[in-house]
Chemist: 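Supplied in structure tokens, the structure appears directly below.
Residue numbers start from 1 in every chain, and the chains themselves are labelled A, B, ... in the order their sequence lines are given, proteins ahead of strands. It should be emphasised that the depicted structure is a prediction, and the values quoted were computed from it without experimental measurement.
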Protein chains: 2
Amino acid sequence: MTTHTMREFSARELHKPLFPTVIGQPIPFYPSGTEIYSQGEKAGNLFQVQFGCVRVYRLMADGRRQISAFHMSGDVFGFEAEATHQFFAEAIGGTGVRKILLTPEIAASPMFLPLALQTMSRAQQHLLVLGRQNAAERVAAFLVDMAERQGGLDHLDLPMPRGDIGDYLGLTIETVSRIFTKFRQMGFIQLEGSREVEILNRQSLQGMSE
Amino acid sequence: MTTHTMREFSARELHKPLFPTVIGQPIPFYPSGTEIYSQGEKAGNLFQVQFGCVRVYRLMADGRRQISAFHMSGDVFGFEAEATHQFFAEAIGGTGVRKILLTPEIAASPMFLPLALQTMSRAQQHLLVLGRQNAAERVAAFLVDMAERQGGLDHLDLPMPRGDIGDYLGLTIETVSRIFTKFRQMGFIQLEGSREVEILNRQSLQGMSE
DNA sequence: CGGGAGATTGAGCCCCGTCAAAAACAGTGG
DNA sequence: CCACTGTTTTTGACGGGGCTCAATCTCCCG
């Protein structure tokens, strides 16, 4: 594990809180790869990403992994139907995560239900991708989704490594890499390093993922 | 479309209502294959299955279909993050569905959130199946899940045709059929017609789907 | 008994997973 | 600034699981 410097963040860097934060707590900083919660742990808190990115996933006994969602700046996650967490949540790269104590008042707040339903809706949308789309369509859908979530610009950052993308899309790391190469050769995207993507032909990507 | 006789159902046949029903409405009966709601339609109602079975699905432009859930007697469905439905819901076989007007009081009821979260949780669980399990594991998971939802007995009814199972599991109808045959040959299940399954070796099925 | 929908079975192929190696990249210390 | 090391990504060769196409079978109902 690489060492990281804990630091305080200025208010301007941080997302506007949707709910009151636990009083007196500094925004916790999670170094790359560290656990936010784990399967079996008692649930009952929500989390809001302030900066960075979080992966939420399940593991099978033999190590196969399915990432059910990536959460980016502003996203609220940690909704659970059970009393204990059914998933693992980990920071991807250094990530700031605000913890929200899940009180009855917050559960009754008008912000709460729409956020829970958004998590549901994203999962349902992703079922179509995993169940019925081929590798190229999955990667295209992923790029379009990431671009939208980063403000709809043509330039986007991928905070996560290829392995995470594969485990999110139900593909292997090699297949993801091959599709990226293919899209580059077809002139759909341009890569600047492995984590930065320039979308050159959004039409084609969008059409492919529908 | 086959013709069906509309009839009234005695109170004993019906599930105990979780929420008050729309006054004066008889429980609607949906003949096999009929639409309950469709994509783009205005959302804002919940539905509770009284008997029979419902499939909720999405379609791609080229006709590929992903069933995101089956809903059986007692289940509540129709939760949406948006103002319009993002899915189609259809009866499988003759099905009774109670409509629940989604008033602010019901949305605030203590029953409501857990039901919404259960829909979310089921979708997330299904992501692992679609993303990371092979055909045999998917069918095993499906059988175990259906058995649990029918009271944990070793005998279970499959209200839906093979095509629906395929579109739920992200497989073709042929692959589903082949796996059923394989499980029969391995002594895991016994088939009585195509819609009734006797589970002979639950251990193996369960172990396969974990 | 006949007709039709659904289910099963078979043959062949292709997409994507597996295994392996090379290349690109990042970090560390000299 | 560069050499060294470990990690991530890319690329290649190959095989297999599941899809496609097609034929047959089973099960209902009339």
Chemist: In whole angstrom, what separates Glu192(A)'s CD from dT9(D)'s C1'?
Modeler: 16 Å

Chemist: Looking only at side-chain atoms of Ser177(A), point me to the closest of dT18(C), dT8(C), dT9(D).
Modeler: dT9(D)

Chemist: Quick check: does any side chain N or O of Arg138(A) sit under 3.5 Å from a backbone N or O of Leu130(A), one acting as donor and the other as acceptor?
Modeler: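 Yes, the answer is positive, given that a donor and an acceptor are paired below the 3.5 Å cut-off.
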
Chemist: If you define the side chain from C-beta out and look only at heavy atoms, does anything of Val176(A) sit under 4.5 Å from Glu174(A)?
Modeler: no

Chemist: If you measure from CG on Leu205(A) to CG on Asp145(A), what distance do you get to the nearest 0.5 Å?
Modeler: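 So the CG of Leu205(A) and the CG of Asp145(A) are separated by 12.5 Å.
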
Chemist: Rounding to a whole Å, what distance do you find between Glu137(A):CD and dC19(D):P?
Modeler: 14 Å

Chemist: Could you tell me how far apart Arg178(A) (CZ) and dA20(C) (C1') are, to the nearest whole angstrom?
Modeler: 12 Å

Chemist: Answer with base, sugar-phosphate or nothing: what part of the nucleic acid does Gly166(A) contact at a heavy-atom distance below 4.0 Å?
Modeler: nothing

Chemist: Would Arg58(A) and Phe87(A) count as a cation-pi pair here, with the cationic atom under 6.0 angstrom from the ring centre and within 45° of the axis?
Modeler: yes

Chemist: Taking the axis from the first five pairs and the axis from the last five, what angle separates them in the helix from dC1(C)-dG30(D) to dG30(C)-dC1(D), rounded to 10 degrees?
Modeler: 40°

Chemist: Going through the checks in order, is the side chain to side chain contact (heavy atoms under 4.5 Å, CB included) test met by Met160(B) and Ile165(B)?
Modeler: CA-CA 7 Å; Met160(B) 70 292 286; Ile165(B) 299 176; 3.6 Å; yes

Chemist: Looking only at the side chain of Thr172(B) (C-beta and beyond, no hydrogens), which of the listed nucleotides dT8(C), dG17(C), dT20(D) gets closest?
Modeler: dT20(D)

Chemist: Choose from dG17(C), dT9(C), dC16(C) the nucleotide whose nearest atom is closest to any side-chain atom of Ala135(A).
Modeler: dC16(C)

Chemist: Tell me what Arg195(A) touches on the nucleic acid: a base, only sugar-phosphate, or nothing, going by heavy atoms under 4.0 Å.
Modeler: sugar-phosphate

Chemist: For the residue pair Arg65(A) and Tyr168(A), would you count it as a cation-pi contact if the rule is NZ or CZ under 6.0 angstrom from the ring centre and within 45 degrees of the ring axis?
Modeler: no

Chemist: Given dT9(D), dT11(D), dT20(D), which nucleotide is nearest the side-chain atoms of Arg162(A)?
Modeler: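 The answer is dT9(D), which lies nearest to the side chain.
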
Chemist: Over how many whole Å does the gap from Arg184(B) atom CZ to dA7(C) atom C1' extend?
Modeler: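 It works out to 11 Å between those atoms.
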
Chemist: Take atom CG of Leu171(A) and atom P of dT10(D), then tell me their distance rounded to the nearest Å.
Modeler: 14 Å

Chemist: Can you tell me which nucleotide in dT20(D), dT9(D), dC16(C) comes closest to the side chain of Asn134(A)?
Modeler: dC16(C)

Chemist: Starting at atom NZ of Lys182(B), determine the distance to atom C1' of dG18(D), rounded to an integer number of angstrom.
Modeler: 12 Å

Chemist: Would one find a side-chain N or O of Thr181(A) under 4.0 angstrom from OP1 or OP2 of dT11(D)?
Modeler: yes

Chemist: Go through it in stages, so that I can follow the logic: the residues are Glu198(B) and His155(B), the test is side chain to side chain donor-acceptor pair (under 3.5 Å), and I'd like the CA-CA distance, side-chain angles, deciding distance and then a yes or no.
Modeler: CA-CA 5 Å; Glu198(B) 196 75 31; His155(B) 182 92; 2.7 Å; yes

Chemist: Tell me whether the centres of the aromatic rings in Phe47(A) and His71(A) are closer together than 6.0 Å.
Modeler: no

Chemist: Starting the side chain at C-beta, find the nucleotide from dC19(C), dT9(C), dC19(D) nearest to Glu174(A).
Modeler: dC19(C)

Chemist: Distance check needed: dT8(D) C1' versus Met160(A) CE, whole Å only.
Modeler: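 After rounding, the gap between these two atoms is 15 Å.
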
Chemist: Please state how far atom CD1 in Ile173(B) lies from atom C1' in dA23(D), giving the value in whole angstrom units.
Modeler: 15 Å

Chemist: How do Leu191(B) and Ala136(A) order along DNA chain C: which one's closest nucleotide is nearer the 5' end?
Modeler: Leu191(B)

